[in-house]
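In the text below, chain A, chain B and the rest are named by the order of the sequence lines, each starting its count at 1. Here the structure is a predicted model, which is why all the values come from computation and not from measurement.
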2 protein chains.
Amino acid sequence: MDAITAHRSTALLTDRYELTMLQAALRSGAAHRRSVFEVFTRRLPNGRRYGVVAGTGRVLDAVEAFRFTGPQLDWLADQRVVDDATLRFLADYRFSGDIHGYPEGEVYFPGSPLLTVEGSFAEAVILETLVLSVLNYDSAIAAAASRMTAAAGDRPVIEMGARRAHEAAAVSAARAAYIAGFSATSDLEAGFTHGIPTTGTAAHAFTLLHDSERDAFTAQVESMGRGTTLLVDTYDLAEAVRTAVDVAGPELGAVRIDSGDLTLLAHRVRRQLDDLGAYKTRIIVTSDLDEYAIAALAAAPVDGYGVGTSLVTGSGHPTCAMVYKLVARESVPGGPLVPVAKRSAGGKTSTGGLKWAARRPDADGVAEAEVVGTGPVPAHLEPHLLHVPLVRGGEVVGREPLEAARERHRRARAALPMSATQLSKGDPVIVTELMSGATAAG
Amino acid sequence: MDAITAHRSTALLTDRYELTMLQAALRSGAAHRRSVFEVFTRRLPNGRRYGVVAGTGRVLDAVEAFRFTGPQLDWLADQRVVDDATLRFLADYRFSGDIHGYPEGEVYFPGSPLLTVEGSFAEAVILETLVLSVLNYDSAIAAAASRMTAAAGDRPVIEMGARRAHEAAAVSAARAAYIAGFSATSDLEAGFTHGIPTTGTAAHAFTLLHDSERDAFTAQVESMGRGTTLLVDTYDLAEAVRTAVDVAGPELGAVRIDSGDLTLLAHRVRRQLDDLGAYKTRIIVTSDLDEYAIAALAAAPVDGYGVGTSLVTGSGHPTCAMVYKLVARESVPGGPLVPVAKRSAGGKTSTGGLKWAARRPDADGVAEAEVVGTGPVPAHLEPHLLHVPLVRGGEVVGREPLEAARERHRRARAALPMSATQLSKGDPVIVTELMSGATAAG
């Protein structure tokens, strides 16, 4: 059985080295040092203007479900992954620290401190892989989705990529896309689990099953009503449109075109529908669309887009480069947090210290900088701080409805400079400024 | 809660249109027509020489778990996804048909009939999304993994990409990579669920946690023994290697380098280790590797590779283009299967009919063609047929240990022309020949 069906614990969605470090740190005594881990990314995918935080709500669920079950502990013992002292620690494990960070739907930039996990080294280090898996995937999907909904303007965009993604990833992709403004998903599990509106009518197989296209359309209209969407490109498109309106009447809800030159066909089908009196019948297009294809169809008489592959694969960037780094820890029990950072050559450097972040607006209220700092927050930035509390003393305090994240994304994107939603490649649309305070100095 | 943690049924990992088609077909009566659906792909990703089938074993588990639970049925009713007759059908649903196809680990080409699902239209149509999700993702990972293990030759390759993939996809990625020759994974869930060997030692955080690198190395060696792998690029590499051997002695198992110019650093560290008498201490490299970087390191003194991002994202091709198409169905109950195919313009055509496939070897036993046919199988191809039975009358008959798929992949790849494992872009390494038989005409 696969992970999706076998159990409810998230505790083994963890890289082995986290438990190895835990064991060694328990033995050295350093495991109990209060520590701060930070999730951030050094860069956006090449050419992207902004990132979108998604997965935060799923991280909260996953941290709550991070408990080791008996069979898991037996397996760890049997495989000698860790020693007895570490097994005892894991048996009692539940995260008791604090997490704060960017709320879901918010946009972000290189260096944005997206999530801060504070607790003992032992309790925080073993969340690394799970936290990154969720945020890296969901945020990659949300970033692509946001470009698509920006390109679509007021026209609805439907997520239908489940078949081109891992079956569990698909559910999370639908969720991330919804946060970034998609109107619905084809994935029933995403509806069941996350309450996202679902949609869908028929595939070519349904037409091929019947002895004629007319039989198929008749069966669908009788079952689903005249408001249904008929798929019109199995055989001859013009004939299918004629048959569709003949069967359903001008009240036909929509036709779907899934292949060919969509701009040309949309114009042709619109004219034909109008000639047949089906003025209100909508045209939905769904063939390998991405944000560029959506933008190119802006002037075509299209009423909605269905997006599959390019959505669930992040439109060329299927993951983010977020990392989970130790940025500060105690040297003595109860002592101050000491900033720490990797210093070797090779580019993978980081900035130590517990950080805050604010998005500074210009005089017109348009974002002009992501300010990231350690130490005291300047008074003029207080109203623009980005972090919210997510977990306090092990208790989840940051849960919110998906609609809140969706609305937050809409507002955050709208507050960026207008070039943010241009599809051409460019630098991050605002700069990240680092501000070192007293704490950073140590 | 997310899909991974909420339930055991796979039944809602389904696009809504499948249930809509089911409802309409139940009403028209066509739902009971015996039907054949085929999984195939029209093309390989640009430049790839072969594909790798992975996910078959997970498909079998997923089909077995495709049962609608009470809460799922209530939700479908509540959301009015389908009518009462359809809900009754779903409540009793279990797949009772036959599935055969390419066994897991086998290679494939454009047009290869990878999986054939035969049953009533009703029972087969609703498996579309689930079957495709599993095969498209797992096969994309396996294809990338196969290129990496081919490039690595006899050196072990370790999967460590969980943090850059959806948390459940990561587990399946580790499984697919193992089939394609990876030696181990960092992902504990993949070890627990699929029995894949796991590995892992420490991250930079472990060094940063301690007051000095020496403290960190000492703690790790005391806990894990001298055979452990020490991460040597947190501060100064040469100093870290010196400290590592000083702490662990020449019995030190390995050092890991995770940043910088890996070719240069591997040579430098090898010389240093040898100078320190640590002749048997291995060098593991792990920084953003893909098949090209692995190939470039062939002449460097490297003993093992750790691969993350590029593995779990399919090295540029995070999904396959597999589709699930109706290729034949009855016209009258108990009558012959009639081949069907989409015919509209736009390139998304398919070939109708129930198919067999064979890989024809040349006189030296090297594969020279993928022969795909309908109708009778020519006698000379009988020994080279590729399909195996997977499900018979609803019962899974094709389950096998993961090692069998791994061994099959090794043999199948070795039987291809040698240019298959060249990394440069090219056409599929063998051609696909279509052979139409009597059945296809009928």
Side-chain angles (χ1 to χ4, degrees), chain A residues 1-5 8 12-17 20-21 23-24 27-28 30 58 61 65 75 121 129 132-133 136-137 162-164 166-169 171 186 188-189 192 198 200-202 204-206 208-210 219-220 223 233-235 259-260 313 318-319 326 340 342-346 348, chain B residues 1-5 8 12-17 20-21 23-24 27-28 30 58 61 65 75 121 129 132-133 136-137 162-164 166-169 171 186 188-189 192 198 200-202 204-206 208-210 219-220 223 233-235 259-260 313 318-319 326 340 342-346 348:
Chain A
M1 298 298 286
D2 196 47
I4 195 173
T5 53
R8 292 161 185 268
L12 289 186
L13 297 167
T14 297
D15 283 334
R16 180 166 171 158
Y17 81 169
T20 311
M21 287 190 273
Q23 173 178 315
R27 193 175 287 211
S28 77
R58 295 209 309 116
D61 291 343
W75 179 81
F121 178 82
T129 300
L132 288 179
S133 290
N136 270 323
Y137 181 72
R163 63 194 54 202
R164 298 296 171 84
H166 183 278
E167 70 277 15
V171 180
S186 63
L188 289 168
E189 184 68 48
F192 182 65
T198 62
T201 50
H204 298 114
F206 185 75
L208 295 171
L209 169 69
H210 288 85
Q220 186 177 329
S223 167
D233 69 338
T234 304
Y235 305 117
S259 54
T313 58
T319 187
L326 183 68
V340 295
K342 178 174 184 299
R343 299 194 297 263
S344 81
K348 289 188 182 176
Chain B
M1 297 298 287
D2 197 46
I4 193 171
T5 53
R8 290 158 187 271
L12 288 186
L13 298 167
T14 298
D15 282 333
R16 180 166 171 158
Y17 82 168
T20 311
M21 287 189 273
Q23 173 178 314
R27 194 175 288 210
S28 77
R58 296 210 307 115
D61 292 343
W75 180 80
F121 179 83
T129 300
L132 288 178
S133 290
N136 271 324
Y137 182 73
R163 64 195 54 202
R164 298 296 171 84
H166 184 277
E167 69 277 16
V171 180
S186 64
L188 290 169
E189 185 67 49
F192 182 65
T198 62
T201 51
H204 298 113
F206 187 76
L208 295 170
L209 168 68
H210 289 84
Q220 187 177 327
S223 167
D233 69 338
T234 304
Y235 304 118
S259 54
T313 58
T319 188
L326 183 68
V340 295
K342 179 175 182 301
R343 299 194 297 264
S344 83
K348 290 186 180 176

With under 30° as parallel and over 60° as perpendicular, where do the rings of A/His166 and B/His166 fit, or are they tilted in between? parallel
Okay, A/Phe121 and chain B: the region with an atom under 4.5 Å from a heavy atom over there is side chain
Quick one: what part of A/Arg164 sits under 4.5 Å from any heavy atom of chain B, side chain, backbone, both or neither?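 When you check distances to chain B, atoms from both the backbone and side chain of A/Arg164 fall under 4.5 Å.
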Mind listing the closest non-hydrogen atom pair of [X] and [Y] along with its distance?
{"X": "A/His210", "Y": "B/Ser28", "answer": "NE2-OG, 2.9 Å"}
{"X": "A/Trp75", "Y": "B/Phe192", "answer": "CZ2-N, 3.3 Å"}
{"X": "A/Ala202", "Y": "B/Met21", "answer": "CA-CG, 3.6 Å"}
{"X": "B/Ala205", "Y": "A/Leu326", "answer": "O-CD2, 3.5 Å"}
{"X": "A/Ala169", "Y": "B/Ala169", "answer": "CB-CB, 4.5 Å"}

Tell me, out of A/Thr313, A/Thr198, A/Leu208, who's got the most heavy-atom pairs with chain B below 4.5 Å. A/Leu208
What residue in A/Leu188, A/Leu132, A/Thr20 has the most heavy-atom pairs under 4.5 Å with chain B?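 So the answer, after comparing A/Leu188, A/Leu132, A/Thr20, is A/Leu188.
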Just verifying a value: how many Å separate B/Gln220 CD and A/Gln23 CD, rounded to the nearest 0.5 Å?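 Reported to 0.5 Å precision, the distance equals 10.0 Å.
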With B/Thr129, which residues qualify under side-chain contact (heavy atoms from CB on, under 4.5 Å), at least two apart?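 side-chain contact (heavy atoms from CB on, under 4.5 Å) check on B/Thr129 returns A/Ala162, A/Arg163, B/Asp15, B/Glu18, B/Ser133.
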